[in-house]
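What follows is a single structure, written as structure tokens, with notes after it.
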Amino acid sequence: MRECKLLSFAIVLVLFLVNGVNGEDPYRFFTWKITYGDIYPLGVKQQGILINGQFPGPQIDAVTNDNLVISVFNYLREPFLISWDGIQQRRNSWQDGVYGTNCPILPGKNFTYNIQVKDQIGSFFYFPSFLFHKAAGGFGGIRIWSRPKIPVPFPNPAGDFTVLAGDWYKTNHYILRRSYLEFGRNLPSPDGLLINGRGWNGYTFTVDQGRTYRFRISNVGLTTSINFRIQGHKLKLVEVEGSHTLQNIYDSLDIHLGQSYSVLVTADQPAQDYYVVVSSRFTPRVLTTTAVLHYSNSRKGVSGPLPWGPSTQVAWSLSQARSIRWNLTASGPRPNPQGSYHYGLIKPARTIMLANSAPYINGKQRFAVNSVSYVQPDTPLKLADYFKIPGVFSVGSIPTNPTGGSGYLQTSVMHANFREYVEIVFQNWEDTVQSWHIDGYSFFVMG
């Protein structure tokens, strides 16, 4: 009898060990302290927002399906939130870090984000989403690597660089918020551009001659589209926000607010240093900044004129955008072609048309969608919905098509059905470029 018990225990133990091998996906733990600190991005001392003392914040590296546990401690004097740009939140939409789904982290308090990068690969970034904190820093890169057994449609590069580029203001973010946005005034023109938190020639990427490197470029700015280029080098586009693309070759790339592109760059030029250039697009005054591409065997610094880049040419940008195509034969996060799901053959259940406008309401400049200018409720919408709290919002409080009417204030909420495929058409009748952030879900650009 005792032998049978021992044998049963051994069988149970073996089964437990076997099951343990096929357990949960790996966990990665992060502890972040959010503080103020002195920064000098454009040569002027400013109060920046640091994460663990860093500006920009620390890089997040993960592998497909990893679970990220990010404990954020807020040592600012204001509430704070972080959003994860491009992370789909497929397992938990409560963690995307915008006011509609998360309560802000109060001063002196902490909150732990639990995020699974389910079935995702590619290049993304995170940023503060509350009280205009993005104008003070608090952003950083996210790299989601493919699992080792999943083929990637290009050879492993010799190195991998994150490029966080965007416009920047010398004015304190608190003054910008209080003196401009909350007074209903448009923001002034930015003072300059940054590459990885630094101004002109302030950052260096070191490469070995003859080898190929991956550059993950994100536009982390506030108001401005940018153009990216490297003096004397071609850019081979291989990934856009989590999808492998046809590998077209470009001299330069337009990257609009919130976008993230991956390019391969081969160090195939004579050994010297070259300009990495970022310039503004569609702005009255063209802003430009540079970093340095340094060949490890170089004995010559950067020289010569900056390579040409477009400035106000809208057709040029549209033509380039149309040239970017999904690579339907490449594996994505799983070992099957990215185009095997045939999303393009699915008939949408309905079409929603969203038109942006800039009405004046009660004497203040506001911005609206289908004539509705959003008003934040005291209770986040997800909490109000989950706990069925009345009076916070009403479904259908924003029309699904433009009205052409004057703007009005409303906590706008539009309904959608679970597992419904919806076609969304964006309309912009303004004379400025508009960027839309569609948070927490998977969308595909059709045209």
Side-chain angles (χ1 to χ4, degrees), residues 83 85-86 98 100 127 129 132 134-135 165-167 180-181 184-190 218-228 240-241 253-261 279-287 309-325 348 350-361 364-375 397-414 416 422-447:
S83 187
D85 189 62
V98 294
F127 66 95
S129 63
F132 209 50
K134 190 180 180 185
D167 56 6
Y180 287 91
L181 299 180
R185 300 164 56 195
N186 283 323
L187 288 170
S189 296
S218 296
N219 185 342
V220 297
L222 295 164
T223 65
T224 310
S225 297
I226 60 174
N227 181 268
F228 177 89
V240 174
E241 293 163 356
L253 278 170
D254 275 1
I255 304 174
H256 304 286
L257 288 172
Q259 290 186 328
S260 297
Y261 288 8
S279 59
S280 62
R281 293 285 271 121
F282 320 119
T283 55
R285 178 172 64 96
V286 177
L287 302 173
S311 54
T312 60
Q313 299 87 341
V314 174
W316 189 96
S317 188
L318 289 173
S319 177
Q320 184 179 89
R322 293 189 182 106
S323 72
I324 298 172
R325 292 287 185 269
R350 61 187 174 124
T351 297
I352 296 171
M353 299 183 69
L354 302 177
N356 56 268
S357 58
Y360 278 85
I361 303 175
K364 291 186 177 182
Q365 173 74 74
R366 303 279 301 195
F367 294 92
V369 178
N370 290 356
S371 300
V372 181
S373 186
Y374 183 75
V375 176
S397 50
I398 178 174
T400 57
N401 288 280
T403 66
S406 57
Y408 59 95
L409 303 175
Q410 180 73 50
T411 300
S412 50
V413 175
M414 188 181 295
V422 179
E423 179 184 65
I424 300 178
V425 179
F426 298 98
Q427 294 184 347
N428 175 28
W429 303 115
E430 301 295 313
D431 58 1
T432 56
V433 175
Q434 302 294 320
S435 297
W436 293 75
H437 181 78
I438 312 174
D439 201 60
Y441 287 88
S442 182
F443 286 84
F444 301 87
V445 177
M446 302 301 294

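Bear in mind the structure is a predicted one, so any value in this text is a computation, not a measurement. Numbering of residues begins at 1 and proceeds along the displayed sequence.
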How far apart are the closest heavy atoms of [X] and [Y], and which atoms are they?
X: Leu287; Y: Pro190; answer: CD1-O, 3.8 Å
X: Gln427; Y: Pro402; answer: OE1-CG, 3.6 Å
X: Asn186; Y: Tyr180; answer: O-CD2, 3.2 Å

Counting N and O atoms only, with roles assigned by atom type, does the side chain of [X] sit under 3.5 Å from a partner on the main chain of [Y], one being a donor and the other an acceptor?
X: Ser373; Y: Leu409; result: no
X: Lys134; Y: Gly221; result: yes
X: Thr400; Y: Ile352; result: no

Going by the side-chain hydrogen bond (donor to acceptor under 3.5 Å, both in side chains) test, name the single residue among Asn219, Thr283, Thr223 that passes it with Asp167.
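Of the listed residues Asn219, Thr283, Thr223, the side-chain hydrogen bond (donor to acceptor under 3.5 Å, both in side chains) partner of Asp167 is Thr223.
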[X]: what forms a side-chain contact (heavy atoms from CB on, under 4.5 Å) with it, not counting sequence neighbours?
X: Ser225; result: His256, Arg281, Phe282, Val433
X: Ile398; result: Val369, Asn370, Val372, Ser412, Met414
X: Arg325; result: Leu246
X: Thr432; result: Glu430, Gln434

Once you round to the nearest 0.5 Å, how far does CG of Leu257 lie from OG of Ser218?
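It is 12.0 Å, given to the nearest 0.5 Å.
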Got a second to check how far Ile226's CD1 is from Ile255's CD1, nearest 0.5 Å?
5.0 Å
What residues, two or more places apart in sequence or in another chain, satisfy ring-ring contact (aromatic ring centres under 6.0 Å, His included) together with Phe426?
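Once residues adjacent in sequence are excluded, the partners of Phe426 under the ring-ring contact (aromatic ring centres under 6.0 Å, His included) criterion are Trp436.
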Residue pair Phe127, Val220: steps toward the side-chain contact (heavy atoms from CB on, under 4.5 Å) verdict:
CA-CA 8 Å; Phe127 66 95; Val220 297; over 6 Å; no
Test side-chain contact (heavy atoms from CB on, under 4.5 Å) on Thr411 and Tyr374; report intermediate values, then the result.
CA-CA 5 Å; Thr411 300; Tyr374 183 75; 4.0 Å; yes
Derivation of the side-chain contact (heavy atoms from CB on, under 4.5 Å) call for Leu253 and Gln320:
CA-CA 8 Å; Leu253 278 170; Gln320 184 179 89; 3.7 Å; yes
Apply side-chain hydrogen bond (donor to acceptor under 3.5 Å, both in side chains) to Tyr360 and list each qualifying residue two or more places apart in sequence or on a separate chain.
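By the side-chain hydrogen bond (donor to acceptor under 3.5 Å, both in side chains) rule, Tyr360 matches Gln365.
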Is any side-chain heavy atom of Asp254 less than 4.5 Å from a side-chain heavy atom of Pro310?
yes
Looking only at the side chains, is there a donor atom on one of Ser371 and Thr403 sitting less than 3.5 Å from an acceptor on the other?
yes
